[in-house]
Engineer: 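Supplied in C-alpha cells, the structure appears directly below.
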Amino acid sequence: MRLSVLETKRLAACLGLGLLLAVITGPSGSQDHPSSGIRGSLLDVRVVDFLLFGLVVWALAFGLRRARQTEAVSGPTAQLRQTVRTALDRRGARPTSYLAMLLVAILVPLALAPAAQLSLFLDIGIYALLALGLNVVVGYAGLLDLGYIAFYAIGAYVTAYFTSASALPIHAPFLLNPFFVFPVAVAVAALAGIILGGPTLRLRGDYLAIVTLGFGEIVQILARNSDGVTNGSRGAFGVPGLSMHLGPLEYVFPRTKALPYYYLLLTILVLVMIAFSQLERSRVGRALAAIREDEVAAEASGVPTLRYKLVAFAIGASTSGFAGVLFATKQFFNPETFSLQASILVLTIVIFGGMGSLFGVVLGAVVLQGLAYVLRDPIPFIGFQVADADRFIYFGAVIIIMMVFRPQGLVPSRRRSREIKLSEQGLGHADAITGASEVKP
Amino acid sequence: MAFADQFWQLTVTGLVIGSVYAVIALGYTLVYGVLQLINFAHSEVFMFGAFGGVFATRALLPSGNISATESIGLVLLGLGIGALCGGLAAFALERTAYRPLRRRGAPRLAYLISAIGASLFASNLAGKEFGRDSVNIPKDLFDYNTQVFSVFGARVSKQDLVVFVVALALLLLLDRLVSGTRLGQGIRSVAQDSDTASLMGVNVERIIVMTFVLGGLLAGAGGFLYAMKFNASFTMGFIPGVKAFTAAVLGGIGNVRGAVLGGIVLGLVENYGQFFLGAQNLDVVAFLVLVLILLVRPSGLLGERLGRAA
Amino acid sequence: MTTADDSVLQVENVTLRFGGLVSLNDVSMSVPRGAVSAVIGPNGAGKTSLFNCLTGAYKPQEGQVWFTPAGGTRSQLVGRTPHKITHLGVARTFQNIRLFPALTALENVQVGVESRQKSGAISAMLHLPRSTRDDRESVAEAVSLLEFVGLPHRIHEVSAALPYGDQRRLEIARALGTKPSLLLLDEPAAGTNPAEKRDLERLITRIADTGVSVLLIEHDMRLVMSVATQVTVLNFGEVIAQGRPEEVQRNPAVVEAYLGTATDDQEASA
C-alpha cells in the first residue's frame, strides 16, 4: 500500500506528537544542563514506546477516516451515536441521570480520605463554581476574560477585611459573620467587573482579553506590594470559618474538616446551576445568544449589546467573588494563590467541559482536577505521574487539542455547538469578538 | 531625589527598554495586520528566543579571557540563535495552534483560546526542560557595566548601548523589509484585504506563515536582548509580552512604525512613571497606559492602518 | 410631497462621506405615516447607506433625521445607537438576510419581542414571576407574529435551515416583534420567485394595514409600483425625484438614471 502525501504528513505529525509526548513525560532538565531533559527523554528506550504510540494513533485515525468514508451515516459508530442520543433525549432521561450524579456527589466523598476530601472541596468544587461563572462570560457572552481570578482574589480579601480583626493589617470597623460577607463580596466583585468592563467592552472583543489579562496581573502585583493593606506576600491568616446562628440552628463549620464545606458548596453549585440554566433560557440568555451570532442584527433588533455583555461580565465577576468568600473561610491564601495560571486553569475547565454547557463545565472540573489529584502519585504498574509544577503543560495541551479537534467541548451545549458548526460554514459568529468592529462610523 | 535629577537616567533606561518592546511589538502588529488577531503566544516565542541565545552563549563561551572580536562574535551568535529559536517557535505555533483552526474557519474566540493554551503549554514545558530559575548570559561575555559615555550626567553602559543599537538596527531592517521587498508587499496586501490578495495570486497561507516567522525572528532576537539586560526564565515572556502589546496598541495596532513609536514611548513613560509610583509598581504603569489609550484613543498614536504597514 | 405633520420620518440634508468618497449628498426626504413608500435607484446609488444612517449603523457627517412615532414626540435619530433607534420605533431588515442562524424561528422573533421587556438577569436567575410572565408573553407574541407572516409550521426549526423565502419572512417577523412605527425593508424581494413576490406584496400591504409605516428599498419596479404610494429616487447619493409612483416613472431624470450608464458598486452593504 502506498501512502498519499497527506497521509505521510499525518504519519509524520503523529510520530512528532509521540516524540513531544516523550519529552513532556520524560525527565526534567535544568538551567545548567538545558538539553539533559530532552536527551534523557529521546535517547532512551522509552522513546520506542512513544513512537509506537504515535503510530497507533495514526493507524487508528487512518482507519477511522476510512471507515467514515465508507459507512457514511449508517455505520455502527453512527448508529451507536444515534442510540445514545435517543436514550438521552427520552423524557426523564436527563433528570434521572442528573439525580444519579447528584447522589454520587453526595455519597462518594464519605468514602474518601481526608486529603482527597479537601481536594474535592478546594480543587474540584471551588473550581467548578469558578468555571460556572466564567462560563457565563465565555460560553454565554462569547467574550474572553483572562483576569477572572482577580475577582476571586477580591472576594477573598474582602472576606478577610470584614470578618477578622487580625488576618490583614486593616479590618472593617465592624466585623461580620462570613455569611453576611457573601453579598458584600459579590457586590464589590460585580462593581470591579463593571468598572473594568464598562469602558473595555465598547472596544473590539479581543481587547477585553488583554485588558483583563493585565488587570489580573495588576491585582496580584498590588496584593503583593501593599504590605499595609493585604499583608503582602505573607497573605491572610486566621479568617474565621463559616458559622450559622439562626435562632435554634447553631452550626460552626470546623476549619479542619472539609466535608461540611463540601456539602455547602455542593448545595451552592446545584443552586447556581439551576439559576444559570434559567438565565440561559430567559430573554437575557436569548439576547446573549443573539449577540454571539450576529451583533449587528442583535442591535437592530433592539438588543442593547453593550449592556448585556456588561451584565454577563458582572455575573461572572460576582460568581468569582462569591467563590472567593467560600475559599477564604476555609483556606489560607496569599497573592500567589491568584496567579494568571489559576485564571487559565478555570478557562481550561470551561473549554474542556464545553462552553455554554453547565453540566459540561462541572464535569470538566471533576475530570481535569480529579486527574491532576490522582496523578500526583504514580499510577500503579505504569508508574506515570505528573508533578504539580508540570500540570500546566498538560492543561495547555488540553486547550489546544480541544480547540483543534472538539471546540464544543466534552459535553457540548446544543445551541453552542450548532453555532460553532454554522459559523464554520460562514453563517453568523460564535463569539462576541468580531461583531462590534463591523459597525462603521 | 528630584525628578529633574533623575530625568536623563530614566530617559536612557526608557529608550533602551523601549527599543526592546518595539522589537517584540512588531510581532504582534505584523500578525495582527494579516490575521486581525492578538497572538497571545507571542510572549512565549520571545522566551524561547531568549533561552536559545543565552544557552548558546553559555555553551560556546571559551574559558579564560576573551578578546573583543570573540565577544562581539558571541553576542551576534546569541542574537542569531535567539532569532532562529524564536522563528522556529513561531512556525511551530502557527502550525499547531492556528492553522488547523483557520482550515476550519473557526470563530475568533477559538484562536484566542488556542493561543492561550499554546502559551501555557510552551512556558511550562520550558520550565520543565530549562529549569524554573532564571538564567543570565555569561558574566565574562563582555564588561556590561562599563560606562561608554554619558548624556547630561546619565551614564550609558556598554550593555545599554549594545541593546539599543541592535534593536534599532532590527527595527530599520524590518521597516525596509516591509516597505521594500516582495515579501513585504505580500504582507501589506494580505493585511489590506486577504481575499483580494488571494485573487491577485498572492499565496495567503505562505504569507501568514512568513509573517509569523518574521515576528518570531524579531521576538527571538529581542528575547536575547532582554535577557542580556535582565535574565531569561520560563515566565519571562508574560510581562514584556503585555507591554509590547500595549506598545503595539499605543502606536496603532497593525502599523509597523506605530509599534516602534509605541515601544519607545511606553519605555519612557513607564520609567518616568515608576519614579512617581515606586519601582515595584513599574508594571502597573504600563497597564495604566494600556487602559488609558484604549479609553482615549483606541486607534493609537499613528492610527491603525492595517496594510499601510510602513 | 407630504407635509411635516403627517410624516413619520423626515430626513434633512443628510451627507455621508467615507474618506473622500461621498456616499450621500444633501439627501432630504420624508416618509408618510401609515403608508408604504419606497426608495429606488440604481446599484450604488446610496440606498443602503441611507438605511444605515436612519438606523444608526452609520453616523452621517451632516444633516438630521427626525422620527415621530404614532402619538409620540419628535426625536432626532442621528447620533443614537442602533438599539435606541429600534426602541424608539424604527425596525429594519437587511439586504443580505441577517438572522441568528443557530436559534429557532421562534427564538429569533422572541429576541425582537423581548427588546421591549424589562425583566433583568436577576429575576431570570431567581425565576421570579416577572421573568416567567415576560417569557410567556414573548412566546405568545412571537407565535402570533410567525402566524402573521405565514410561518406557523416553522416555529421550532433552526433558522439557518429554513428556505430562503421563509428566512426573509422570519426577518420581517423579528423586526415586527419590536413593535415598530416604521419598518425599513432592505430589498425584501431580492432572490425570491414570482409566487413568493406576490405573497410578499400582500404581506407588506397587510403590515401597512396594521398601522405600521413601511419604507422599502427595492429593485423590483413592479413590486414598488403596486405597493408604494410614494417613491424617492436616489442616484449617485442624491435625491433626483420624489413623488407618486406614476409621476416618478415618467420623470425624465429617473428614466435617464435607469437607462444611462451602469454605476459601479460603491454602495457598502451593512
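Reminder, nothing fancy here: chain letters follow the sequence lines and each chain counts from 1.
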Engineer: Between Val303(A) and chain C, with a heavy-atom cut-off of 4.5 Å, which part of the residue counts as in contact: side chain, backbone, both or neither?
Structural biologist: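 For Val303(A), heavy atoms of backbone and side chain both lie under 4.5 Å from chain C.
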
Engineer: Any side-chain to backbone donor/acceptor pair from Arg415(A) onto Ala102(C)? Under 3.5 Å, distance only.
Structural biologist: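 Here the side-chain-to-backbone pair does not exist.
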
Engineer: Identify which of Thr178(C), Leu103(C), Asp135(C) forms the greatest number of heavy-atom pairs closer than 4.5 Å to chain A.
Structural biologist: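 The residue among Thr178(C), Leu103(C), Asp135(C) with the greatest pair count is Leu103(C).
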
Engineer: Between Val284(A) and Gly120(C), which heavy-atom pair has the shortest distance, and what is it?
Structural biologist: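 Nearest heavy atoms, Val284(A) then Gly120(C): CG2-C, 3.9 Å.
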
Engineer: Is it true that atom OH of Tyr164(C) has more than 12 heavy atoms of other residues, nucleotides or ligands lying nearer than 6.0 Å?
Structural biologist: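 Result for OH/Tyr164(C): enclosed.
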
Engineer: Among Ala91(C), Ala121(C), Gly112(C), which residue has the highest count of heavy-atom pairs closer than 4.5 Å to chain A?
Structural biologist: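 Among the listed options, the one with the most contacts to chain A is Ala121(C).
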
Engineer: Less than 4.5 Å to any heavy atom of chain A: does that hold for the side chain of Ser138(C), its backbone, both, or neither?
Structural biologist: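 Just the side chain, heavy atoms under 4.5 Å.
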
Engineer: So, the side chain of His83(C) versus the backbone of Ser301(A): is there a donor-acceptor pair under 3.5 Å, distance only?
Structural biologist: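 Not confirmed, His83(C) side chain does not pair with Ser301(A) backbone.
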
Engineer: Between Arg283(A), Arg281(A), Gln425(A), Arg292(A), who has the most heavy-atom pairs with chain C when the cutoff is under 4.5 Å?
Structural biologist: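 The residue among Arg283(A), Arg281(A), Gln425(A), Arg292(A) with the greatest pair count is Arg283(A).
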
Engineer: For a quick test of reading the model, state the closest non-hydrogen atom pair linking Asp294(A) to Phe100(C) and the distance between them.
Structural biologist: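 Looks like O-CE2, 3.6 Å.
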
Engineer: Is Val90(C) in contact with chain A via its backbone, its side chain, both, or neither, using a 4.5 Å heavy-atom distance?
Structural biologist: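 For Val90(C), there is no contact with chain A at all, as no heavy atom is under 4.5 Å.
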
Engineer: CD1 of Ile85(C) to CD of Glu299(A): how many Å apart, nearest 0.5 Å?
Structural biologist: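 So the CD1 of Ile85(C) and the CD of Glu299(A) are separated by 9.5 Å.
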
Engineer: Is chain C contacted by the side chain of Leu427(A), its backbone, both, or neither, given a heavy-atom distance below 4.5 Å?
Structural biologist: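 Its backbone and side chain both get close to chain C.
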
Engineer: Salt-bridge test for Glu293(A) and Arg98(C): reply yes if a basic N is under 4.0 Å from a carboxylate O, no otherwise.
Structural biologist: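 Salt bridge absent between Glu293(A) and Arg98(C).
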
Engineer: Answer with side chain, backbone, both or neither: which region of Ile315(A) has an atom nearer than 4.5 Å to a non-hydrogen atom of chain C?
Structural biologist: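 It is the side chain, since no backbone atom gets that close.
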
Engineer: Check whether Thr132(C) gets within reach of chain A through its side chain, its backbone, both or neither, counting any heavy atom under 4.5 Å.
Structural biologist: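 Neither part, no heavy atoms under 4.5 Å.
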
Engineer: Can you say whether Ala298(A) sits under 4.5 Å from chain C via the side chain, the backbone, both, or neither, judging by heavy atoms?
Structural biologist: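 Both parts, heavy atoms under 4.5 Å.
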
Engineer: Among Gln278(A), Glu280(A), Arg286(A), which residue has the highest count of heavy-atom pairs closer than 4.5 Å to chain C?
Structural biologist: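 Greatest number of close heavy-atom pairs with chain C: Arg286(A).
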
Engineer: What part of Lys118(C) gets closer than 4.5 Å to chain A, counting heavy atoms only: side chain, backbone, both or neither?
Structural biologist: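 The backbone, not the side chain.
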
Engineer: Looking at Ala300(A), is its backbone amide N or carbonyl O close enough to the side chain of Thr86(C) to form a donor-acceptor pair, meaning the two atoms are under 3.5 Å apart?
Structural biologist: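 Answer holds: yes.
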
Engineer: Within a radius of less than 6.0 Å around NE2 of His127(C), do more than 12 heavy atoms belonging to other residues, nucleotides or ligands occur?
Structural biologist: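 No, the 6.0 Å shell around NE2 holds no more than 12 heavy atoms from other groups.
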
Engineer: What part of Ile122(C) gets closer than 4.5 Å to chain A, counting heavy atoms only: side chain, backbone, both or neither?
Structural biologist: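 For Ile122(C), there is no contact with chain A at all, as no heavy atom is under 4.5 Å.
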
Engineer: Would you mind telling me which of Glu107(C), Lys84(C), Arg116(C), Gln61(C) has the largest number of heavy-atom pairs within less than 4.5 Å of chain A?
Structural biologist: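 So the answer, after comparing Glu107(C), Lys84(C), Arg116(C), Gln61(C), is Glu107(C).
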
Engineer: With rounding to the nearest 0.5 Å, note down the distance linking CE in Met125(C) to OG in Ser277(A).
Structural biologist: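 The OG atom of Ser277(A) is 11.5 Å from CE of Met125(C), to the nearest 0.5 Å.
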
Engineer: Kindly compute the distance separating CZ (Arg130(C)) from OG (Ser282(A)), expressed to the nearest 0.5 Å.
Structural biologist: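 Answer for the CZ-OG pair, Arg130(C) versus Ser282(A), is 12.0 Å.
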
